[in-house]
Undergrad: 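There's a structure below that I have some questions on.
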Number of protein chains: 2
Amino acid sequence: MIQSPLYTIRLRLGILCLTLILSVLSFSCNKKEHTEAKTEIKNQKPTLSLSTSEANEIKKLLSTNDVLKLSFDQHKEKADKAIINGIEVPTPKDPGGGYTHEKHKRNYGEMYAAGIAYIITEDTKYSEFVTNMLLEYAKMYPSLPLHPKSKENHPAGKLFWQGLNESVWLVNSIQAYNLVSDAISQENKTIIEENVFKKVAEFISVDSKKTFNKIHNHGTWAVAGVGMTGYVLKDQDMVDRALYGSNKDKETGFLKQIEMLFSPEGYYSEGPYYQRYAMMPFMLFAQAIQINQPDLKIFEYRNQLLGKAVTTVLQLTDENGAFFPFNDALKEKNYLTSELIFASNIAYAYYKDSSLLPITLAHEKVSISGAGLEVAKALKNFTPKAYEKKPLLITDGKNGSDGGLALLRMSNGKKDKKLTTVFKFASQGMGHGHFDRLSLFLYDGKQEILQDYGAARFLNVESKQGGRYLPENKTWAKQTIAHNTVTVDETSQFGANVKASSKVSPQLLFSNLKDSNLQIVSAKEENAYQGIIMQRTLALVKNEATERPPFIIDVYAITAKETHQYDLNFMYQGQVMETNFEYLKENTLSPLGVKNGYQHLWKLAEGKSNQNFATLTWLNQNSFYSISSLIDKESNMVFSKLGANDPNFNLRDDASYMLREKNKKNHVFVNVIEPHGNFDPKLESVQNPHSDIKNIELIYSDDEYTIVQIVFKNDEHYTLTIVNQEHDPHKQHKTTIDNQIYQWTGNYNLKTN
Amino acid sequence: MIQSPLYTIRLRLGILCLTLILSVLSFSCNKKEHTEAKTEIKNQKPTLSLSTSEANEIKKLLSTNDVLKLSFDQHKEKADKAIINGIEVPTPKDPGGGYTHEKHKRNYGEMYAAGIAYIITEDTKYSEFVTNMLLEYAKMYPSLPLHPKSKENHPAGKLFWQGLNESVWLVNSIQAYNLVSDAISQENKTIIEENVFKKVAEFISVDSKKTFNKIHNHGTWAVAGVGMTGYVLKDQDMVDRALYGSNKDKETGFLKQIEMLFSPEGYYSEGPYYQRYAMMPFMLFAQAIQINQPDLKIFEYRNQLLGKAVTTVLQLTDENGAFFPFNDALKEKNYLTSELIFASNIAYAYYKDSSLLPITLAHEKVSISGAGLEVAKALKNFTPKAYEKKPLLITDGKNGSDGGLALLRMSNGKKDKKLTTVFKFASQGMGHGHFDRLSLFLYDGKQEILQDYGAARFLNVESKQGGRYLPENKTWAKQTIAHNTVTVDETSQFGANVKASSKVSPQLLFSNLKDSNLQIVSAKEENAYQGIIMQRTLALVKNEATERPPFIIDVYAITAKETHQYDLNFMYQGQVMETNFEYLKENTLSPLGVKNGYQHLWKLAEGKSNQNFATLTWLNQNSFYSISSLIDKESNMVFSKLGANDPNFNLRDDASYMLREKNKKNHVFVNVIEPHGNFDPKLESVQNPHSDIKNIELIYSDDEYTIVQIVFKNDEHYTLTIVNQEHDPHKQHKTTIDNQIYQWTGNYNLKTN
C-alpha cells in the first residue's frame, strides 16, 4: 500500500498539483501571505509550515524584528552546536530518560533546528547536517526490531521504548526534511524517503495500526506524523489514511479525533496538562492541511473547534500561566511550553484572534513558520497587556453532556489579581484521570490556597523511577482523599476503578457566571458511591456595598439510605494561625488510615467543638484565609500531613484539614471560604487576621430545596437558596419555612440581609 | 531642667542662631541644596529633614518627577484619609497589636503624612489636623500614668506598653510638628511644646534615664527623639544630652552609640534584621545634626561609620533583598522597608554614593525630605542596574575583634545570579542572638538552599501570642540544632546561656575573598562547649576549566579530650531525590530527642553505609543539590522534619538532614556541597541530576594541618590544605605525608589535580 508503482505516483502528483492550484485559489480569499507563498513556489515543493517566500520575508525582518531574531537565533545556535558535536545515531537500547532515548529525542530537535537554519540562511552546512543524519537513520531503520525496552500492553516503538515517541520523532523529522529537501540530491532523497520516512510511516500507520486508529493523543501524534509525511512525499493515500483512518471510513483518523476528543468548547477530557501536549500535533497537522488542502477548511471544522481548543487550554491556567493540575499533571508546566508556542501562533494566524497576543508576547519567541511570522509582525505594534482570564463554564464530553468544569473568577481587590475557584465535575479523563469528582481548587492571585496534588512524578528525573509516574501517584494522587471533595467510608470514588468511572459523568445542574457579584455553579454526582447522591454548589460572592473581598459559599449535600462516614478534605496551603475550636496534637504520629490514600497521611491533631461552626484560619504568603464549616458536637476536625508510607521521599508534605462526619445518612456540609486579610512585612501591619463569620445555619434541606444562611460579624446576612431538582431558570418557587416565606425565580436565590 | 526661664531661652536662642549661621557657612562647602535652604529661611524655624526651599523645589518637580510624585501622593492620600476618619486619641489600654496600641502608632504616621502634605501643598487643613491631634495629646499626656500593660523588667511607656514605641512616637511626631509649626498659633505652640513634647522628652530622657543611656537600639530611638525635639524646641541642653548622654560626659548618648554598637565595617551585632530598624533613628538624627550642627561632622564620625553601616546592612541581604535571617529575624523583611528608604536616601545625599541608587530605585519611592529630593533628581538620569552584592568579610565587635561574618559570593553561571554562602562566626548579638556559631547558610540565586529558621514569630499577628516571640523561638529557633552547625551531646552551645555566650566570640583565623576562583574563610570557636575546640573552614571553589558550577568544600574539625556525640545538621530545603546509602523510614513518628530543640524534630528515617562518603541529593525549585560527606560505618544519616511538640502549629515543617557521629573525640566532618543540575519544565529536560562526587578523603589532620581531597567522577582532584595555627599569609609550609611532599605558602592551599 505504501510503495506505489511509479505511474500511480505520477498520477497522484498530477492530482496533487491540481489540488494545490485549487487550494491556492481557495486559500487566497483568506490569507494573503500564503497566497504569495504559493505563487512564488519554484519547484512545487509542498509546504508544511514555512514557504520559501515566508522564509525570505523572515530573513528580511530579522534585523528589525527582535522576537523573530531571537527565535531564529535559538534555532541557529542549536544547529551550530549540533554540527560541532557531530552526528550520532545510536542503536536503540535505553528506556525513557536513558542515553539512546534522549539522544534520538535530541536528534530530531537538532534536525528541525538545522532545517530552520538552512531555509533562512541557505547555508548548506545545515542541510548537509540534516541529510547526513537522515542517511544514518536510513542505514539503521529498515532493519530495526521493536525496541528492546518496550513493554507488554504498551504500544512499542523502534527508536524508542514507546510508539508515541516514534510519532513525535516523525512529526519533527519530516518537517526538518521538508525544510531542507531543495538542497538534497535526488539520489539521497530517494534513500531517505524509502528507508526512513516510508518505513517510519509504515511502522506507525500499518504495524502500529491500533494506535494509529486510536481516538487518543497518541493517535493524534501518529496521524499528524503520517499525514505530514504524506504531504511531503506527495502520497495522498497516506494523507487520507491520516485524515480518515486506516480504512478511510472516517470512523477514526484526524477528523474523527477532532470530533471525539474535545467538548464543544474545545476541552480535551484528559485535562489541560495533556491538552497542551495534544494541541501540538493537532495544530501542526491542521496547518499542513490548511496549506495543502485548504478546501477541507480544517480550521472551520466543528465550529472552529481547534481555535476554541487553544483558547480553552490557555484559559485553564492559573495566574502564573500554569495549567490547573487536573488529573496526572505536573504543576510546573505552564503555557510557555513549546507546544503552545506552535499552537497559539497557528491559532493567531488562522483566526486572527488578537486576544492571543498577550500569550505570544509572554512566550518571548515565535515559531519560525508562516504563522510565527504573522505573530511577530503583529507583536511589533502590540501594546503589552495581561491575558484576560474569564469566568468560564466548560463542558466535557463530545456533546458537552459529560459534566465539565467551572472557573469562577472575580477580582480579589488587588490590581490585576483574581480570586479563582475551579470546580471540577468532569468525566474521568481516561487513564490519567483522578477520582476527584466535585472537587474544588482555590487560587488567590498567583497563590494556590486550596490545592490539588497533581501527579506524583518527577518528569525525566532518573532517580525517581526514571521519571515515570511513581507508585504514590496511584496510591495517593489519584485517590479521592487527595482532593478537596468528600470521601465516603475511607474509600475512593468508584473504588478507584477507571473502567467503572469512565462510563458515567457528573451532571451540571445549573450555573450562572455572568453576574458581577455572584458566580454560581451546581453539579451532581450519583454514581461515585453506590446509593449515594452528592450535590455540590459553589457560589463566589462579592458585596459591592462592603470592602469585604469575594468569598465562597460551598454547599455539599449528600443523600444516602445507609449510614456512612463522610470526610470532606481541604488541602490548604499555609500555616495554621488559629481555630475557634480546641484540638489536641499527637505526641507520636501514625497514619490516618491503612489504604485508599489515607495511609499516606500522618494524623497530626483532632478537634471537636460545641459551637455550631468550626473555623480554621491560615496564613499563606502573607495573606489570611479561613474555612468556616457548619458542624455539630459529633463532628471531628482532623489535621494531617502527607508523607506516611512513603519509603523513598516521593511525596510532598502537604497539609490537610478534614471535616469528618460519622454515622450520617443525609448530610449537608456548609462551608464559607474567606480570604480576609494580610500581613504587610514592609509596614509590619496586619489587617483583618480573623475570620469574619458569626454564624452558619442550614435553614432547610430536602429533595427540593437547600437553604443556608451565613451571618458575618457586622450582621451582614447572606441567605442562599438552592433548587435541587427540575432546574429551570424561569420557574417560580415559593416555600414557607418556620413561618417565613421564601419566594424566587430560577435555580437559586441569594438574599443579602 | 526642661522648663528653663525665659531669659535662658533667649540666650540659647541667640547662641542657636549664631550656631545656625556658622552651620550654614560650614555646610555650604559640601551641600549646595541645604545652603539655599538656609539662606531662604524666613522665620528661622529649625529644619529636621526638609527645608522650606527644598519643599518648594519638590513642589515644582512633582509634575515631572514620577518617583517624587508617587512618594508625595502616598503621604497626601494617607493624610486625606486620616482627615476624613477624624482624630481619636484613646486612653492607652491595650498591649502590642491591640486597638489603642495600633491607634497611637497610626496617629504618629498620620501626623507625619499630614506634615508632609502641609509643607508641600500649604493647605492648612493638614496643619490643622496635626495641631488638633497634638492638642488632644496635650490634654491627655501630662496626667498619663505608666501604661497599664507595661511589664516588669521591661522599660515601660505611657502611650504604649513599652518605652521603645514612645520614642518612635516622638521621632515621628516631632517631625510632623516641625513641618507644620509655621501654621500654628503661638498659643497652641506653647500648649503643644509644654504639654506634649517637653513631657514626652522628659519621660524618655529623665524618667526613663536608664534606657536613654543604654548602648542599644532602644537607646538610639530615645536619643534621636529627644535630640530632634531639642533642635525643634531650640533646647541645646536637650540636644547635648541626646548627643553625649544624660551626664553629657560622652560615656553614653548618640556618639557613644555609634562608637560601641557597630564594628569598623558598620555591622551591628544584633544582626541585619535589627540593624535595619536601628538605622532609622541613627540616620534621621544624624541628618538633623548635620543640618543643625554641621560642625559636628556627624557623617564623617568614625571614618564615615554611618555610611558604612548603611552599605553593610544592604549587603547583608539575599537576592530577594531579604536580610540574612541571623538571630531573631523575620524572613519576609527586606530592604524595601521604610526604615531603609530613609536611611539609604540620607546616605546617598551625604556620601553621594551612587552604588546606592539601585536600592533607591527598587524602593519605588523616596522620603519627602532634602535627602529624598536629591535621590529623586539622581534617579531621573539613572540607568537601572542591579545592586552589586560582593564577597565580603565583615568583622563583629567595636574593634572588629569579635569574630564576624563572611559572605562568599560567586556567579552561579546563570545571568545575574550568584551562589552565596554565608558563614556566621559572629558574637552572640545580645538577647536576640541564636546559639549558631560556625553556622552556614546557602543561597542559589533567590532560593534558600540550606536555611536558617529565623525567628519563631508572626509579627503583629494577634492570634500568635499577640505577635510576640513564640515559646518555640526559645525552644527551637535559638537552639544550636536549628542551625547548620554541630551540636555536641544534644545540648546547645553555651548551654543556651546568653550571658556566658556574650562574654566570648569565635575568632577569624584567615580569609581570602579576593580570588575569583576560590573564596575561603576559616574560623574557630573554643568556648561554646567546654573542652572542645571547633574550627570550620569553608571554601567556595570554581574551576574555570570545567563547566561545573561553583561548589563548597566544608571542613569542620573538632578536637576534644572526652568522647562525645557530634550532630552536624543541614536544614536543606527541597525534596529528597536520591541518596547513595540505604535508609529506613519510620512507620510511626517520634521526636528525635527530648530537649534543646531536638524535641521539635520528628525523626523520619535513619541510614548507614559501608561507603566512605554519603550523598544526599535534593531538588529545590527545579535545581538539584547534593551534600556529600565523609563517613565511616558507624556514622548515622538522620532525616527529620520540624513540627513535634508544637501544640499550636507555631513552627514551619522544615526538613533536616543530619550527620551523626557517636563516641568520637577528635573528628573532622568533610562535606562537599554541590549545586549540579536542573530540570527545565518547559523543555522537560533534566541536566546533571546526580552528584558528581567520586570520593572524599581526609588525608591528614592534626593540630598543625588538615588536608582533605575531593575527587569528582571525571577525575578532577581538589586537595585542600588548611593551616590550623600560627596564621601568616607569608609563612612557608612543608610537610610529608605518606611519602608525598606538601609544600605551600600561606594559610591554605588548594591544589587541582
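Proteins come first, then strands; the chains are lettered A, B, ... in the order of their sequence lines, and each starts at number 1.
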Undergrad: Please report the shortest heavy-atom distance between A:Pro591 and B:Asn587, naming the atom on each side.
TA: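 Result for this residue pair: CD-O, 3.8 Å.
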Undergrad: Could you check whether any side-chain N or O of B:Lys585 sits under 3.5 Å from a backbone N or O of A:Asn645, counting only pairs where one atom can act as donor and the other as acceptor?
TA: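 Flag not set: sc B:Lys585 to bb A:Asn645 has no pair under 3.5 Å.
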Undergrad: Which region of B:Asn650, side chain (C-beta onward) or backbone (N, CA, C, O), has a non-hydrogen atom less than 4.5 Å from a non-hydrogen atom of chain A, or is it both or neither?
TA: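 Looking at B:Asn650, just its backbone touches chain A.
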Undergrad: List the atom of A:Phe624, the atom of B:Val461, and the distance in Å for their closest heavy-atom pair.
TA: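 Shortest heavy-atom contact: CZ-CG2, 3.9 Å.
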Undergrad: Do the ring centers of B:Phe679 and A:Phe458 come within less than 6.0 Å of each other?
TA: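 No, they do not, as the ring centres are separated by 6.0 Å or more.
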Undergrad: Among B:Thr337, B:Asp646, B:Val576, who wins on heavy-atom pairs under 4.5 Å with chain A?
TA: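 If we count pairs closer than 4.5 Å to chain A, B:Val576 comes out on top.
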Undergrad: Counting heavy-atom pairs under 4.5 Å to chain B, which of A:Ser590, A:Ser338, A:Ser463 comes out on top?
TA: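 Of the candidates given, the most pairs with chain B belong to A:Ser463.
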Undergrad: Drop me the distance from A:Asp653's CG to B:Lys641's NZ, to the nearest 0.5 angstrom.
TA: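 If we round to the nearest 0.5 Å, A:Asp653:CG and B:Lys641:NZ are 3.5 Å apart.
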Undergrad: Other residues, nucleotides and ligands only: do more than 12 of their heavy atoms fall within 6.0 Å of CD on A:Gln74?
TA: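 Atom CD in A:Gln74 is packed in, count exceeds 12.
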Undergrad: Excluding sequence neighbours, so at least two apart, what forms salt bridge (charged side-chain N to carboxylate O under 4.0 Å, His left out) with A:Arg106?
TA: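 Checked A:Arg106 against salt bridge (charged side-chain N to carboxylate O under 4.0 Å, His left out); zero matches.
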Undergrad: What residue, out of B:Gly109, B:Pro647, B:Pro689, has the most heavy-atom pairs lying under 4.5 Å from chain A?
TA: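 Greatest number of close heavy-atom pairs with chain A: B:Pro647.
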Undergrad: Quick one: CG on A:Asn460 to CD on B:Gln687, what's the gap to the nearest 0.5 Å?
TA: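 If I round to the nearest 0.5 Å, the distance is 10.5 Å.
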Undergrad: Atom CG of A:Leu619 and atom NZ of B:Lys464: how far apart are they, to the nearest 0.5 Å?
TA: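 With rounding to 0.5 Å, CG (A:Leu619) is 9.5 Å from NZ (B:Lys464).
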Undergrad: For B:Leu584, is it the side chain, the backbone, both or neither that has a heavy atom under 4.5 Å from a heavy atom of chain A?
TA: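 Contact with chain A involves no heavy atom of B:Leu584 at all.
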Undergrad: Out of B:Leu651, B:Leu589, B:Asn622, B:Leu340, which one racks up the most heavy-atom pairs below 4.5 Å with chain A?
TA: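 Top option by heavy-atom pairs under 4.5 Å: B:Leu589.
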Undergrad: Between B:Thr579, B:Thr617, B:Leu336, which shows the greatest number of heavy-atom pairs under 4.5 Å with chain A?
TA: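 When all of B:Thr579, B:Thr617, B:Leu336 are compared, B:Leu336 has the most.
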Undergrad: If I measure from the heavy atoms of chain A, does B:Gln575 come under 4.5 Å with its side chain, its backbone, both, or neither?
TA: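 Just the side chain, heavy atoms under 4.5 Å.
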Undergrad: Just to verify, what does B:His690 make a ring-ring contact (aromatic ring centres under 6.0 Å, His included) with, not counting sequence neighbours?
TA: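 For B:His690, no residue satisfies ring-ring contact (aromatic ring centres under 6.0 Å, His included) once neighbours in sequence are set aside.
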Undergrad: Less than 4.5 Å to any heavy atom of chain A: does that hold for the side chain of B:Leu604, its backbone, both, or neither?
TA: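 It is the side chain, since no backbone atom gets that close.
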Undergrad: Please indicate whether B:Lys713 has more than 12 foreign heavy atoms, meaning atoms of other residues, nucleotides or ligands, lying under 6.0 Å from its NZ.
TA: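 It does: B:Lys713 NZ has more than 12 such atoms within range.
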Undergrad: Tell me, for A:Glu332 versus chain B, whether the close heavy atoms (under 4.5 Å) come from the side chain, the backbone, both or neither.
TA: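 Looking at A:Glu332, backbone and side chain both touch chain B.
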Undergrad: Out of B:Glu339, B:Arg652, B:Lys105, B:Glu586, which one racks up the most heavy-atom pairs below 4.5 Å with chain A?
TA: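 Option with the greatest count: B:Arg652.
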Undergrad: Between B:Glu102 and chain A, which part of the residue has a heavy atom less than 4.5 Å away: side chain, backbone, both or neither?
TA: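 Contact with chain A is absent: no heavy atom of B:Glu102 under 4.5 Å.
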Undergrad: Decide side chain to side chain contact (heavy atoms under 4.5 Å, CB included) for A:Met577 and B:Phe649; before the verdict, give the C-alpha distance in whole Å, the side-chain angles of both, and the deciding distance to 0.1 Å.
TA: CA-CA 7 Å; A:Met577 286 291 109; B:Phe649 287 101; over 6 Å; no
Undergrad: Is the count of non-hydrogen atoms from other residues, nucleotides or ligands lying under 6.0 Å from A:Lys331 atom NZ greater than 12?
TA: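 Correct, the count exceeds 12.
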Undergrad: How close do A:Leu459 and B:Val686 get, counting heavy atoms only, and between which atoms?
TA: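 Reported closest heavy-atom pair: O-CG2, 3.6 Å.
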Undergrad: For atom NZ of A:Lys595, decide whether the heavy atoms of other residues, nucleotides or ligands shown that lie under 6.0 angstrom number more than 12.
TA: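 Count not over threshold, so no.
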